[in-house]
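Each remark here refers to the structure printed beneath this line.
Here, residue 1 is the first one in the sequence, and each next residue gets the next number. The basis for the numbers below is simple: all heavy atoms, side chains too, and nothing from hydrogens, waters or symmetry mates. Model, not experiment: these values are computed from the prediction.
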Amino acid sequence: MEALIQQKVLEAASQVEKQLDSELERLDNLDIDDIEKLREKRLKEMKKIQQQKQTWLSLGHGEYSEVPDEKEFFELSKKSKNIVCLFYKNDSPRCKIADMHLKILAKKHLEARFCKLDVERCPFLTERLRIRIIPTIALITDSQTKDYIVGFTDLGNCDDFSTEMLEWRIAQAGTISYTGDLMHPPEKNKKPWMSNASKSKTIRGHDSDESDDD
């Protein structure tokens with residue numbers, strides 16, 4: 001059995017060595033023109049990425065900001081392909097929790113526009129998107145709402161979820177780029193709700209019978 005294991009290990013090592021030799025041979029056979037072409041291609045890719053970042057920054061990406069009214073929101077949706085928008089009320093403790101995480105993610109994910117909108121100042125849009133529970137995060141791509149994060153149910157049923165947890169949930173809608181495992185959340189088994197004072201609220205301000213606390 002020991003001899004068989006040693007044989008398998010040697011075979012695997014030999015295969016890896018062959019692959020490395022093949023790659024080294026390919027690189028050795030590159031002439032100056034090939035190397036220059038690879039360099040130019042890489043530079044073009046880097047330049048394109050940098051130009052895209054500058055475009056995003058000019059549109060307000062990289063910052064988490066307030067949208068003052070519905071007209072501004074519709075203008076914003078025409079300019080930015082991906083939007084992560086928190087519908088909030090000032091008297092909601094959970095909205096402040098969401099604020100904290102979204103500020104961090106806005107700086108990390110320039111590919112999406114992160115913003116927030118006061119439901120009391122924008123009743124038409126709130127009704128049009130059927131926002132009933134506060135906080136609700138709308139995930140929008142190409143002016144189409146792809147998904148909603150309603151309350152904190154999808155974030156582990158707790159108030160102390162991590163920024164990584166919210167990032168993972170937003171990525172489920174394809175609104176941001178994500179390199180992790182979309183099939184499995186980054187954390188589990190967090191503590192229950194920290195207090196009844198931070199219950200999800202309906203638009204009218206009452207504790208919701210449909211809230212995550214139930």
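With respect to E63, the salt bridge (charged side-chain N to carboxylate O under 4.0 Å, His left out) criterion is satisfied by exactly one of K107, K103, K108: K107.
The side-chain tip of K116 points at the ring of Y88 from less than 6.0 angstrom away and within 45° of straight on.
With rounding to the nearest 0.5 angstrom, the CD atom of Q172 is 8.5 Å from the CE atom of M183. Once rounded to the nearest 0.5 Å, the distance linking CG of L117 with CZ of F87 reads 5.0 Å. Rounding to the nearest 0.5 angstrom, the gap separating the SG atom in C95 from the CG atom in L86 is 5.5 Å. Atom CZ of R169 sits about 9.5 Å away from atom CE of M165, to the nearest 0.5 Å. To the nearest 0.5 Å, atoms CD (E120) and CD1 (I134) are separated by 9.0 Å. Note: L57 CG to T55 OG1 = 9.0 Å, rounded to the nearest 0.5 Å.
Pairing each heavy atom of F114 with each of I176, the nearest pair is CZ-CG2, 4.1 Å. Nearest heavy-atom pair, D159 versus I97, reported as atom, atom and distance to 0.1 Å: O-CG2, 3.7 Å. For W168 against L182, the heavy-atom pair with the smallest separation is NE1-O, 3.3 Å.
Under the 4.5 Å side-chain contact rule for hydrophobic residues, I140 and L110 do not share a cluster. M46 is not connected to W56 by any chain of hydrophobic side-chain contacts under 4.5 Å among Ile, Leu, Val, Met, Phe, Trp and Tyr, and they are in different clusters. Note on L105 and M100: separate hydrophobic clusters, where clusters join Ile, Leu, Val, Met, Phe, Trp and Tyr whose side-chain heavy atoms are under 4.5 Å apart, directly or indirectly. The hydrophobic clustering, which links ILVMFWY residues whose side-chain heavy atoms are closer than 4.5 Å, places I104 and L102 apart. Hydrophobic cluster membership is shared by L76 and F124, with clusters built from Ile, Leu, Val, Met, Phe, Trp and Tyr side chains linked at under 4.5 angstrom.
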Where do K48 and E45 land on the salt bridge (charged side-chain N to carboxylate O under 4.0 Å, His left out) test, with the steps shown first? CA-CA 5 Å; K48 184 177 180 180; E45 290 174 350; over 6 Å; no
Assess the residue pair C115 and E66 against the criterion (side chain to side chain contact (heavy atoms under 4.5 Å, CB included)); give the C-alpha distance rounded to whole Å, side-chain angles, the decisive distance to 0.1 Å, and a yes or no. CA-CA 6 Å; C115 59; E66 173 109 19; over 6 Å; no
Which is it for E127 and R132 under the side chain to side chain contact (heavy atoms under 4.5 Å, CB included) test, yes or no, and what are the steps along the way? CA-CA 8 Å; E127 181 63 29; R132 296 289 182 269; 3.4 Å; yes
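Between K89 and D118 no salt bridge is recorded (no basic side-chain N to carboxylate O distance below 4.0 Å). A salt bridge between K81 and D142 is present, with a side-chain N of the basic residue lying under 4.0 Å from a carboxylate O of the acidic one.
In this structure, the side chains of C85 and F73 come closer than 4.5 Å at one or more pairs of heavy atoms.
Remark: the S177 side chain and the H109 side chain contain no N/O donor-acceptor pair separated by less than 3.5 Å. Counted by atom type alone, S77 and R113 present zero donor-acceptor pairs between their side chains at under 3.5 Å. Between E167 and H101, the side chains place no donor N or O within less than 3.5 Å of an acceptor N or O (distance only, hydrogens not considered). A donor and an acceptor atom, one from each side chain of N82 and T175, are nowhere located under 3.5 Å apart.
Taking the six-membered ring where tryptophan is involved, the planes of F152 and F161 are perpendicular, since the angle between them exceeds 60° and thus also 30°.
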